[in-house]
Amino acid sequence: MWTDEKDKMLYRMQSDIYIAKVILYDSALHYNKLNLLLGWPSAVITGIITLLKSVEFAQVISPLYLNIITYVLTIIASVCGTFHMLLDYGGKTQRCKEMSDNLYETSENIKLIRSSSYDKRPDADTYLSNISAKLVAYQKKMELVPYSVFHRYYPDDLSSLQFAFKMYDNPPMPISEIRMV
């Protein structure tokens, strides 16, 4: 049975989901920027290698020096490409966007339930536990929120945070390790 207290809990969940959506969207933008920054060096170096292999440079530079330069640049491009692949900022961007989309769907579902009268809603305890289970499952799959993005929204330290998710034993989103600046 729905009560005003359970409706307030649903509203707080909806508010927290909105905040998490915004933070995840900003995290996706942050990871995308890093993905682009890490992708450029290997692409530029590969272009330079291709240019050096052209006919004009073979006539100007000794073939021995040209081979040494291209081997060194190839190694540098490989290292840059490996870092780009290992850090997987493109994958993190995609996962943050997907999680933001999932939270949007959950938020719209809650909005639909909250717009109907108490007697037309599903059982309160079942619905709240289903939403809770969904949010915990989402949380387990979420990427860590980058330090800079998290502190854009929560400038204080972690002890001052008050989330409405206290009924779940987890905060509404994973928080990256807080480092002393």
Checklist entry - Going through the distances and angles, do N35 and Q94 end up as a side chain to side chain contact (heavy atoms under 4.5 Å, CB included)? => result CA-CA 11 Å; N35 184 43; Q94 185 63 31; over 6 Å; no
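- Residues S148 and H30 form a side-chain contact, since some pair of their non-hydrogen atoms from C-beta on lies under 4.5 Å apart.
- Summarising the geometry, atom CD belonging to Q14 is positioned 10.0 Å from atom CD1 belonging to I131; distances are rounded to the nearest 0.5 Å.
- Under the salt bridge (Lys or Arg N to Asp or Glu O under 4.0 Å) criterion, the residue pairs touching residues 23-38 are D26-R152, with sequence neighbours excluded.
- Residues R95 and E98 are not paired through a salt bridge, judged by the lack of any N-O separation under 4.0 Å between the basic side chain and the carboxylate.
- Under a cut-off of 6.0 angstrom, the local environment of OH in Y118 is crowded, with over 12 non-hydrogen atoms contributed by other residues, nucleotides or ligands.
- Grouping Ile, Leu, Val, Met, Phe, Trp and Tyr residues whose side-chain heavy atoms lie under 4.5 Å apart, directly or via other members, leaves L112 alone, with no other cluster members.
- For K97, the NZ atom counts as loosely surrounded, since its 6.0 Å shell holds 12 or fewer non-hydrogen atoms of other residues, nucleotides or ligands.
- One finds the CZ atom of R114 at 9.5 Å from the CH2 atom of W2 (value rounded to the nearest 0.5 Å).
- In terms of modelled atom types and a separation under 3.5 Å, the side chain of S100 and the main chain of C96 share no donor-acceptor contact.
- In this structure, A124 and M1 approach most closely via the heavy-atom pair CB-O, 3.5 Å.
- Contact of the L135 side chain with the M13 side chain is registered, since non-hydrogen atoms from C-beta on lie closer than 4.5 Å.
- Tracing side-chain contacts under 4.5 Å through hydrophobic residues (I, L, V, M, F, W, Y), one reaches I110 starting from Y138; they form part of the same cluster.
- The NZ atom of K6 sits 7.0 Å away from the CG atom of L128 when rounded to the nearest 0.5 Å.
- Between Y104 and I17 there is no side-chain heavy-atom pair separated by less than 4.5 Å.
- In the displayed structure, Y25 atom OH is contacted under 6.0 Å by at most 12 heavy atoms of other residues, nucleotides or ligands.
- By the 4.5 Å heavy-atom criterion applied to side chains, N102 and T106 are not counted as neighbours.
- With respect to the salt-bridge test (charged N to carboxylate O, under 4.0 angstrom), the residues K92 and D88 do not qualify.
- Remark: side-chain polar atoms of T126 are not paired, donor with acceptor, to backbone N or O of P122 under 3.5 angstrom.
- Of the inter-residue distances, the one linking D101 atom CG with L24 atom CG reads 10.0 Å to the nearest 0.5 angstrom.
- At a threshold of 4.0 Å, the pair D16-K21 does not count as salt-bridged, since none of the basic side-chain nitrogens sits closer than that to a carboxylate oxygen.
- Every residue meeting the ring-ring contact (aromatic ring centres under 6.0 Å, His included) condition with Y89, not counting sequence neighbours, appears here in chain and number order: Y31.
- A distance of 7.5 Å separates OG in S129 from CG in D125, rounded to the nearest 0.5 Å.
- Y71 and L73 end up in different hydrophobic clusters when Ile, Leu, Val, Met, Phe, Trp and Tyr side chains are linked at under 4.5 Å.
- Taking all atoms of both residues into account, the shortest heavy-atom contact from S42 to G81 is CB-N, 4.0 Å.
- In this structure, the side chain of T82 engages the main chain of S78 through a donor-acceptor pair within 3.5 Å.
- Just one of L29, L34, L36 meets the side-chain contact (heavy atoms from CB on, under 4.5 Å) condition when paired with N32; it is L36.
- Both I69 and V72 belong to a single network of hydrophobic side chains, linked directly or stepwise wherever heavy atoms of I, L, V, M, F, W or Y lie under 4.5 Å apart.
- Hydrophobic clustering keeps V44 apart from L37 (ILVMFWY residues linked when any side-chain heavy atoms are closer than 4.5 Å, directly or through intermediates).
- Proximity of Y127 to L10: side-chain heavy atoms (C-beta onward) are separated by under 4.5 Å at one or more points.
- Under a hydrophobic clustering in which Ile, Leu, Val, Met, Phe, Trp and Tyr are joined whenever their side-chain heavy atoms come within less than 4.5 Å, directly or via other members, L87 and V149 fall into different clusters.
- A salt bridge links R121 with D7: the closest approach of a Lys/Arg side-chain nitrogen to an acidic carboxylate oxygen falls below 4.0 angstrom.
- Rounded to the nearest 0.5 angstrom, L86 CG and L38 CG are separated by 11.0 Å.
- Looking at heavy atoms from C-beta onward, R12 lies in side-chain contact with K8 at the 4.5 angstrom threshold.
- A distance-only check finds no donor-acceptor pair linking the side chain of S107 to the backbone of L103 [under 3.5 Å].
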